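What you see is a predicted model, and the numbers here were worked out from it, not measured in a lab. Each chain gets a letter, A, B and so on, in the order its sequence line appears, and its residues count up from 1.
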Number of protein chains: 2
Amino acid sequence: MEERQARTAFAALSQETRLRIVRLLVQAGPEGMAAGAIAEAVDVSPSNVSFHLKDLEHAGMIVPRREARSIIYSADFAGLRDLIAFLMKDCCAGHPEICAPALADAPCGPSAKKKRAHA
Amino acid sequence: MEERQARTAFAALSQETRLRIVRLLVQAGPEGMAAGAIAEAVDVSPSNVSFHLKDLEHAGMIVPRREARSIIYSADFAGLRDLIAFLMKDCCAGHPEICAPALADAPCGPSAKKKRAHA
DNA sequence: TCCTCATTTCAATGATTATTGAATTATAGG
DNA sequence: CCTATAATTCAATAATCATTGAAATGAGGA
């Protein structure tokens, strides 16, 4: 991943509505959600959600597919992984054992949030 | 981590100079770098690097410590982990096995970028 | 074909944010 | 105590971005 694309992705995630959309779709999984349902879920106007969906798509965070009259969006898990990898690349000058303990149980999972209880 | 703080963090990472600073410090490891050295490395004015360092500190991405006349900044690895965890929380509605393969070897490491060669 | 629904595009407005250079604070050494 | 160095603060300017409502597109069903 290039720096430019990573910045676009982080900028996309820095906006309230867009971050909510991405988390909504991360939690929804590969099944995804229709644009209209997303608009309702995050409570913004159709035109506004469309604006943000385009931005997220351009940033490589979500992918669209057509299904009947609706357009279904789902999280781009490969894009998310690439973004995280870019941020952490060459961590600790090639000695990941230094920061690995701090990152170990970060990604994914129901309660990834407070996993380091016993550590 | 709260949504508000996550947005602040992503906004911090979305700016060219700040993203370079964070990656510089991620690669530098716990040792960190002095503000002046960072300014030189990313080629911006002292006042401007100070502005961005404050923003990154406020976003929980870096931490400062004083050492003689200099202020040494290093990456906040716990903060980075929390941010990633927030983004991926409750992935696939509690079924991380769905997206885990896509995220498996993302974090950390010398070539985290293209690690899934053999899978 | 005609009509309807879902989504997108467009132009205008208001609000944030980065950058610059000068002035200021704070630390350490002579 | 005085000087030099390191970093930060401040005010002003320029640039970027989100939001709104109306109009347009495009796919499907009657």
For [N], does OP1 or OP2 lie under 4.0 Å from any side-chain N or O of [X]?
X: B/Tyr73; N: D/dA6; value: no
X: B/Gln15; N: C/dT19; value: yes
X: B/His52; N: C/dT17; value: no
X: B/Arg18; N: C/dA18; value: yes

Review point. Can the positive tip of A/Arg18 be found less than 6.0 Å from the middle of the six-membered ring of B/Phe10, inside 45° of the ring normal?
Key: no

What's the closest nucleotide to the side chain of [X] if the choices are [options]?
X: A/Ser70; options: C/dT20, C/dA6, D/dA18; answer: C/dA6
X: A/Ser47; options: D/dT8, D/dG21, C/dT19; answer: D/dG21
X: A/Ser50; options: C/dT20, D/dT8, C/dT9; answer: C/dT9
X: B/Ile71; options: D/dA18, C/dA18, D/dA7; answer: D/dA7
X: A/Arg69; options: D/dT8, D/dA27, C/dA18; answer: D/dA27
X: B/Phe51; options: C/dT20, C/dT19, D/dA7; answer: C/dT19

What is the separation between atom [atom1] on [X] and atom [atom2] on [N], rounded to the nearest whole Å?
X: B/Arg7; N: D/dA18; atom1: CZ; atom2: P; value: 12 Å
X: B/Asp43; N: C/dA18; atom1: CG; atom2: P; value: 18 Å
X: B/His58; N: D/dT9; atom1: NE2; atom2: P; value: 13 Å
X: B/Asn48; N: C/dT17; atom1: CG; atom2: C1'; value: 12 Å
X: A/Lys54; N: C/dT7; atom1: NZ; atom2: P; value: 11 Å
X: A/Arg66; N: D/dT25; atom1: CZ; atom2: P; value: 15 Å
X: B/Glu40; N: D/dA6; atom1: CD; atom2: P; value: 11 Å
X: B/Glu57; N: D/dT9; atom1: CD; atom2: P; value: 10 Å

Measure across [X] and [Y] and return the closest heavy-atom pair with its distance rounded to 0.1 Å.
X: B/Pro64; Y: B/Ile71; answer: CB-CG2, 4.0 Å
X: A/Pro30; Y: A/Phe77; answer: N-CE1, 4.4 Å
X: B/Val22; Y: B/Met61; answer: CG2-CB, 4.4 Å

Check your understanding: Is the shortest side-chain N to carboxylate O distance from A/Arg23 to B/Glu3 below 4.0 Å?
Key ->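 Result for this pair is no, no salt bridge flagged.
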
Point to revise | Non-hydrogen side-chain atoms of A/Arg7 and B/Gln15 separated by less than 4.5 Å | key: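 Of all side-chain heavy-atom pairs linking B/Gln15 with A/Arg7, none is under 4.5 Å.
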
Over all strands shown, is [X] touching base, sugar-phosphate only, or nothing at heavy-atom distances under 4.0 angstrom?
X: A/Ser45; value: nothing
X: A/Ala68; value: sugar-phosphate
X: A/Ala34; value: sugar-phosphate

